[in-house]
Amino acid sequence: MASFLEIADDERGYDLEHFCVPRHYENDLEKVIIPHGLIMDRTERLARDIIQDMGGHHIVALCVLKGGYKFFADLLDYIKALNQNSDKSVPLTVDFIRVKSYCNDKSTNSVKVIGGDELSSLSGKNVLIVEDIVETGRTMQTLLSLLSECNPKMVKVVSLLVKRTPRSSGYRPDYIGFEVPDSFLVGYALDYNEYFRDLSHICILNDQAKEKYKV
Ligand code: IMP
Ligand code: MG
């Protein structure tokens with residue numbers, strides 16, 4: 001089973017006042033739960049683990065937009081650094097897919113994949129799907145079944161976060177950054193109705209903000 005860094009249910013996190021948080025979000029957040037620096041350090045290690053397993057073959061890194069874009073960019077930077085500084089290196093190309101399954105703070109039953117036509121170009125390739133967070137697992141299972149129709153050579157999934165929740169289908173990614181409590185998280189490209197992507201740290205949203213940004 002994939003190893004991960006556990007953020008416990010009773011994790012108190014950090015008060016906002018110790019970090020730089022945009023003024024426009026100051027009243028919307030409960031606490032910082034994963035500071036940006038820790039995200040980066042864990043991502044560096046995930047890059048190493050992935051290259052150890054998948055290295056030697058051309059990798060197509062598939063970014064699941066929009067939430068995955070920060071993690072994708074930082075993970076690829078670490079993989080690039082490994083490629084630049086070791087005797088062995090592996091060609092890396094990128095692709096992007098957009099998936100939408102959330103409204104307010106609830107996962108909906110319909111998982112919409114946009115940009116799916118180009119999936120056929122992944123036939124015969126080693127694909128690394130890069131996702132921000134797995135909650136029920138429905139999004140990833142939908143994406144994996146779509147992808148399998150295109151006959152890729154290998155598919156691995158890396159998710160920065162996995163939520164501990166009774167709503168989980170039991171699906172687990174191949175690589176996991178952190179396992180997190182069952183709260184709604186924002187920041188580092190994770191959003192609440194498109195807000196909070198412009199926040200560096202991963203934070204817990206407060207109830208007041210859920211109302212304020214509701215659609
Ligand atoms: P799943 O299909 O239930 O696994 O949900 C996966 C998708 O829901 C993720 O790719 C996110 O876009 C979104 N999501 C789930 N939990 C959160 C959260 O706590 N904050 C922000 N987005 C979330
Ligand atoms: Mg996502």
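In each ligand, atom 1 is the first atom listed, and ligand 1 is the first ligand listed.
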Of all the heavy-atom pairs spanning Ile79 and Ala47, show the shortest one and how long it is. CG1-CB, 3.8 Å
Just jot down the ligand 1 atoms closer than 4.0 angstrom to any heavy atom of Phe184, in number order. 17 (C), 18 (C), 19 (O), 20 (N), 21 (C), 22 (N)
What atoms of ligand 1 come closer than 4.0 angstrom to any heavy atom of Arg138? 2 (O), 4 (O)
Interfacing atoms of ligand 1 (cut-off 4.0 Å, heavy-atom, Thr136): 1 (P), 2 (O), 3 (O), 4 (O)
Among Leu185, Leu65, Asp191, whose heavy atom sits nearest atom 20 (N) of ligand 1? Leu185
Checking contacts here: is it the side chain or the backbone of Arg167 that comes within 4.0 Å of ligand 1, counting heavy atoms only? Could be both or neither. neither
Rounded to the nearest 0.5 Å, what separates atom CD1 in Ile176 from atom CG in Leu160? 11.0 Å
State whether Arg172 and Glu179 are salt-bridged, where the test is any N-O pair (Lys NZ or Arg NE/NH1/NH2 against Asp/Glu carboxylate O) under 4.0 Å. yes
First locate atom NZ of Lys70, then atom CG of Leu75, and finally report the distance between them rounded to the nearest 0.5 Å. 12.5 Å
For Arg164 versus Asp182, what's the shortest heavy-atom pair and its separation? O-CB, 3.3 Å
Show the atoms of ligand 1 that are less than 4.0 angstrom away from any heavy atom in Glu131. 10 (O)
Under 3.5 Å, is there a donor on one side chain and an acceptor on the other for Tyr213 and Asp28? yes
Quick one: look at Leu190 and ligand 1, take heavy-atom pairs under 4.0 Å, and tell me if it's side chain, backbone, both or neither. side chain
Contact check, Ser183 vs ligand 1, heavy-atom distance below 4.0 Å: yes
Sorted by chain and number, sequence neighbours left out, side-chain contact (heavy atoms from CB on, under 4.5 Å) with Leu144 holds for Ile129, Met140, Val155, Val157, Tyr171
For ligand 1, which atoms, with element, lie under 4.0 Å from some heavy atom of Lys163? 16 (N), 17 (C), 18 (C), 19 (O)
Within the structure, is a non-hydrogen atom of Gly137 found at a distance of less than 4.0 Å from ligand 1? yes
Identify the heavy atoms of Tyr192 and Lys210 that sit nearest to each other, and give their distance. OH-O, 2.7 Å
Best match, Arg197, Glu135, Met140: closest heavy atom to atom 15 (C) of ligand 1: Glu135
